[in-house]
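All values reported here derive from a predicted model rather than from experimental measurement. Computed over heavy atoms, backbone and side chain alike; hydrogens, waters and symmetry mates excluded.
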Amino acid sequence: MKKNRFITGYSGLRALAVIGVILYHLDPNSFMGGYLGVPIFFVLSGYLVTDHMLNSYDKTGSYNNRHFYLSRIKKLYPQLITVLWLSAAYIFIFQRNLLAKLNQVVLANLLNVFNFWQIHNGQSYFERFAANESPFTNLWTMSIEGQFYIIWPLVVFLLVKLAKKKKIIFWIITALTVFSALEMAFLFKPGVDTSRIYYGTDTRFFSLGLGAMLAVFWPTWKLSANLEKGDRRLLNVIGAIALVGILLMSTSPIFNPQKAFAYRGGMFLFSLVTMIFVGVIAHPGSSWNKWLTNPVFSWIGSRSYGIYLYQFPVMIFFEDKVKDIADHVILYHLIEIILILVIAELSYRFIEKPFGRIDWEKLRQFLSKALNLQANHY
């Protein structure tokens, strides 16, 4: 089976996404649309996961779901468990006012249902400066990603086996995507807390769905670098327009996440433009993959998961202890960013990379043999 290309430019896109989210969390009034970095992650996940699965079904007629689940566990859980454990330990020792329901928070995150827990407990994403703000608030995205990774392989299996034709698969995914966007729009009520639709898996699926749609009609493994000069230029122009659109929307007050536009088409529009940019980067005939590939973006992008995980705990714990932030805003924000990057680097080197190298099948065989030897001994 032809392997999916590793698209280095996506590290650059992830870097832009996580930078936007951090700026929003540091100063939501100045970077009103920074939270839109999350839909970028969702579109990328929907595209890459679906593309990989469809490639396998196309070449071999099957997909190794077990290997996929193990790879996701290796990638996601070591750092997730680490941030939960370290943050819980810090809370227990230094910030006990956050102890309430801590065990529920940790369990909900480990089971990938934290977004549902937040909805049930009325924990708003936008209480940025509340005295009892949780350092885990941003982890709702990890639960949606986790649910997607669990359910989507089964959905794709059913689509491939029952729908069979790519056109039918595409329209079914499109219907699910549009339904999700419409549900978000219809459920929005002015003056009512938006947590239900902001955290909801069903109301946020459209970003993942748009990425999945792209994977059906724009598979990485069928894109050819042999383009006419005019087509290559057109792709680059479309990419430029999409990137400008992403940057403008990410900084525009119209995308205020507590106003109607964001929910009534705004986030869907942003995800759609992101989908276009993701598609342009993927095409080997475009220059955008090269333009988004540089050492800085590669470093941030490869560590974006850890950066995303640790940003909120660092901000919440730091700002609880430092009382004169208003007097030294830039300095303290710079210190927070440095702390986030240093911790993310340490986590990447000593948690993500070592666990990523573990061959779980060999480990399972070793443990099985060890248990058998012990049983025989007795």
Side-chain angles (χ1 to χ4, degrees), residues 9-48 125-126 128-129 135 137-142 144-145 194 198-199 204 206-208 210-211 239-259 261-263 265-278 280-281 288 291-294 296-316 329-330 333-334 336-341 343-344:
Y10 285 159
S11 286
L13 189 54
R14 289 189 182 96
L16 293 175
V18 79
I19 288 169
V21 173
I22 287 178
L23 290 175
Y24 174 75
H25 287 154
L26 287 173
D27 188 355
N29 294 318
S30 300
F31 302 98
M32 191 83 60
Y35 70 96
L36 293 170
V38 170
I40 293 178
F41 287 123
F42 284 167
V43 173
L44 271 173
S45 292
Y47 181 53
L48 293 174
Y125 184 70
F126 306 109
R128 176 65 185 88
F129 300 103
T137 301
N138 65 315
L139 296 185
W140 67 273
T141 59
M142 298 299 102
I144 290 183
E145 291 266 12
T194 58
Y198 193 85
Y199 291 137
R204 297 305 294 259
F206 60 82
S207 298
L208 292 157
L210 283 166
I241 294 171
L243 178 58
V244 169
I246 287 170
L247 295 176
L248 288 176
M249 285 186 277
S250 297
T251 54
S252 173
I254 196 173
F255 278 86
N256 184 329
Q258 298 187 74
K259 302 295 183 182
F261 180 74
Y263 301 95
M267 282 193 236
F268 181 80
L269 174 63
F270 181 86
S271 299
L272 182 63
V273 174
T274 299
M275 180 195 76
I276 294 170
F277 194 44
V278 167
V280 170
I281 297 170
W288 278 101
W291 292 340
L292 286 174
T293 300
N294 61 66
V296 175
F297 277 0
S298 295
W299 187 90
I300 296 174
S302 62
R303 291 149 179 81
S304 59
Y305 178 50
I307 292 171
Y308 186 87
L309 288 179
Y310 285 101
Q311 56 167 319
F312 230 59
V314 168
M315 293 177 192
I316 299 303
V329 175
I330 296 177
H333 282 347
L334 183 61
E336 287 177 283
I337 290 171
I338 292 172
L339 286 172
I340 292 166
L341 296 180
I343 294 172

Rounded to the nearest 0.5 angstrom, the OG1-CG distance for Thr274 and Leu269 is 9.0 Å
Student check: side-chain heavy atoms of Leu247 and Thr251 closer than 4.5 Å: no
Side-chain touch Phe42/Met267, heavy atoms, less than 4.5 angstrom | no
Residues Ala242 and Val273: closest non-hydrogen pair is O-CG1, 3.4 Å
**Contact check, side chains of Asn256 and Phe261, non-hydrogen atoms, under 4.5 Å** = no
Rounding to 0.5 Å, atoms NE2 (His333) and CD1 (Ile22) come to a distance of 12.0 Å
d(Ile338 CD1, Ile343 CD1) to nearest 0.5 Å is 12.0 Å
CD1 (Ile40) and OG (Ser250) are apart, to the nearest 0.5 Å, by 5.5 Å
* **Steps toward side-chain contact (heavy atoms from CB on, under 4.5 Å) verdict (Met142, Leu309)** => CA-CA 9 Å; Met142 298 299 102; Leu309 288 179; 4.0 Å; yes
Scanning both residues in full, the closest heavy-atom pair of Tyr35 with Ala262 reads OH-CB, 3.5 Å
Tightest non-hydrogen contact, residues Gly9 and Thr293, listed as N-OG1, 3.4 Å
Close side-chain approach of Leu26 and Ile337, heavy atoms under 4.5 Å:
yes
* Asked: Do Arg14 and Ile300 have side chains that get closer than 4.5 Å, going by heavy atoms?
  -> no
Show, in sequence, the C-alpha distance, side-chain angles and deciding distance for Leu341 and Trp299, and conclude whether the side-chain contact (heavy atoms from CB on, under 4.5 Å) test is met. CA-CA 10 Å; Leu341 296 180; Trp299 187 90; 3.9 Å; yes
Closest non-hydrogen contact found for His25 with Asn138 is CE1-CB, 4.2 Å
Has the side chain of Ser304 got a donor or acceptor atom that lies under 3.5 Å from a matching backbone atom of Gly301? yes
task = For the pair Met32 and Ile254, evaluate side-chain contact (heavy atoms from CB on, under 4.5 Å) and give the outcome as yes or no after the intermediate values.
result = CA-CA 8 Å; Met32 191 83 60; Ile254 196 173; over 6 Å; no
So CD1 of Ile281 and OH of Tyr47: to nearest 0.5 Å the spacing works out to 10.0 Å
Shortest non-hydrogen pair, Pro39 vs Phe270, comes out as CB-CD2, 4.1 Å
**Item:** Arg204 and Trp140: CA distance, side-chain angles, deciding distance, side-chain contact (heavy atoms from CB on, under 4.5 Å) verdict
**Value:** CA-CA 11 Å; Arg204 297 305 294 259; Trp140 67 273; 3.4 Å; yes
**Student check: side-chain heavy atoms of Tyr10 and Val278 closer than 4.5 Å** = yes
Closest heavy-atom pair, Thr194 versus Tyr263, reported as atoms and distance to 0.1 Å, is OG1-OH, 3.3 Å
One should read off an interatomic distance between Ser271 OG and Leu36 CG, to the nearest 0.5 angstrom, of 8.0 Å
Note to self: Using side-chain heavy atoms (C-beta onward) and a distance below 4.5 Å, is Ile144 in contact with Tyr199?
What the structure shows: no
| request: Decide yes or no for Leu16 and Leu243: does some side-chain heavy atom of the first lie under 4.5 Å from some side-chain heavy atom of the second? | output: yes
